[in-house]
Amino acid sequence: MAKRVNSANLIVRDSIETALIQLMEKKPFGEITISEIVGKAGVSRVSYYRNYYYKEEVLFAKMDKIAAEWKASAEKISIDVGEQVIELFEKERPILGVIYKNGLEHLMYKLIRKYCGLEEKIDNNVGAYFLSLVAGMFFGWCDEWVKRGMQETPEQIKSILKQWEEKQKQQNSGS
């Protein structure tokens, strides 16, 4: 489906995405209807279906928008990408909460795979498997942090990751 990109339609898309997130804060994802989304967003069903096929697509679009904005700003900052992602997760704690509360963490994995370049055709098997490994590891630690209630501060998570990195260096130098 070709997506419209004019400024008025961007407002419609944002309204739909925001409405879904707000509804998810109060009601399980599976019980939310398209009628409720468009009513809360103040748009027509035609506008909804002009932009989206299904609710998961709406949620993924919102997550993708957040990730794209983060990526654009992250490229201008010199701190470690891992640290930036931890800070992003802390900032986006509310949306992560509703994603996990509704059992939709597979969308996080899909997003991570996209930003690792795994949606593109990769002819090199080694490169594809390596990127898949990185995406899986990255999703794994993000998933664990969120499932544990993000109890650790971003600084504590950074410290844990640095400890793991040092341990890996020691093991590799001892081999």
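Residue numbers run from 1 in the order of the sequence given.
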Value rounded to 0.5 Å, distance of CD in E166 from NZ in K162:
9.0 Å
Does D14 reach the main-chain N or O of L10 with its side chain, forming a donor-acceptor pair under 3.5 Å?
no
Could you list all the side-chain hydrogen bond (donor to acceptor under 3.5 Å, both in side chains) pairs where at least one residue sits in residues 20-30, not counting sequence neighbours?
K27-E36
Over all heavy atoms of both residues, which pair between N51 and E57 is shortest? Give the atoms and the distance, please.
O-OE2, 4.1 Å
Rounded to the nearest 0.5 angstrom, the NZ-CG distance for K40 and L20 is 11.0 Å
Is the W141 ring parallel, tilted or perpendicular to the F138 ring (thresholds 30°, 60°)?
perpendicular
Here's one to test your reading of the geometry: is the NZ or CZ of K110 within 45 degrees of the ring axis of F60 and under 6.0 Å from its centre?
yes
What's the shortest heavy-atom distance between L111 and M63, and which atoms?
CD2-O, 3.8 Å
State, yes or no, whether a side-chain contact exists between S47 and R13 at a heavy-atom distance under 4.5 Å.
no
State, with a plain yes or no, whether a side-chain heavy atom of Q168 is found less than 4.5 Å away from one of E165.
no
Taking all non-hydrogen atoms of both residues into account, name the closest pair between I37 and A19 and its distance.
O-CB, 3.7 Å
Looking at every heavy atom in both I122 and L131, which two are closest together, and how far apart are they?
CD1-CD1, 3.6 Å
Audit row: F29, K101, side-chain contact (heavy atoms from CB on, under 4.5 Å) steps and yes/no
CA-CA 9 Å; F29 181 79; K101 180 176 91 175; over 6 Å; no
Check whether more than 12 heavy atoms from other residues, nucleotides or ligands sit under 6.0 Å from atom CZ of R93, and answer yes or no.
yes
Could you state the interatomic distance from SG (C116) to OH (Y109), rounded to the nearest 0.5 Å?
9.0 Å
Run the side-chain contact (heavy atoms from CB on, under 4.5 Å) test on I34 and Y49 for me, step by step, so that the C-alpha distance in whole Å, both residues' side-chain angles and the decisive distance to 0.1 Å come before the verdict.
CA-CA 10 Å; I34 304 304; Y49 287 113; 3.5 Å; yes
Main-chain N/O of N9 paired to R50 side chain as donor or acceptor, under 3.5 Å:
no
Listed partners of F89 passing ring-ring contact (aromatic ring centres under 6.0 Å, His included), at least two apart:
none
With hydrophobic residues grouped by side-chain heavy-atom distances under 4.5 Å, do V98 and Y100 end up in a single group?
yes
Got a second to check how far L59's CG is from Y54's OH, nearest 0.5 Å?
11.0 Å
Is the count of non-hydrogen atoms from other residues, nucleotides or ligands lying under 6.0 Å from K65 atom NZ greater than 12?
yes
Using the rule given for side-chain contact (heavy atoms from CB on, under 4.5 Å), can you reason through M108 versus V146, listing the C-alpha separation, both sets of side-chain angles and the distance that settles it, and then say yes or no?
CA-CA 11 Å; M108 286 292 302; V146 174; over 6 Å; no
Close side-chain approach of P28 to N102, heavy-atom, < 4.5 Å:
yes
Using a 3.5 Å distance criterion without hydrogens, assess whether the side chain of Q156 forms a donor-acceptor pair with backbone atoms of T153.
yes
Heavy-atom side-chain proximity of N124 to F130 below 4.5 angstrom:
no
Smallest heavy-atom separation, K62 atom then I95 atom, equals CG-CD1, 3.8 Å
Side-chain contact, heavy-atom cut-off 4.5 Å: I66 with L88?
yes
Taking C-beta and beyond as the side chain, do E90 and I157 meet within less than 4.5 Å on heavy atoms?
no
To the nearest 0.5 Å, how far apart are CD in E152 and CD1 in I160?
5.0 Å
Dump the intermediate steps for side-chain contact (heavy atoms from CB on, under 4.5 Å) on H106 and F139, then the final yes or no.
CA-CA 10 Å; H106 64 279; F139 173 73; over 6 Å; no
Any sub-3.5 Å donor-acceptor pair from Y115's side-chain atoms to A68's backbone N or O?
yes
Intermediate values then yes/no, side chain to side chain donor-acceptor pair (under 3.5 Å), T18 and S15:
CA-CA 5 Å; T18 300; S15 297; over 6 Å; no
Looking only at heavy atoms, the pair that brings Q151 and W145 closest together is N-NE1, 4.3 Å
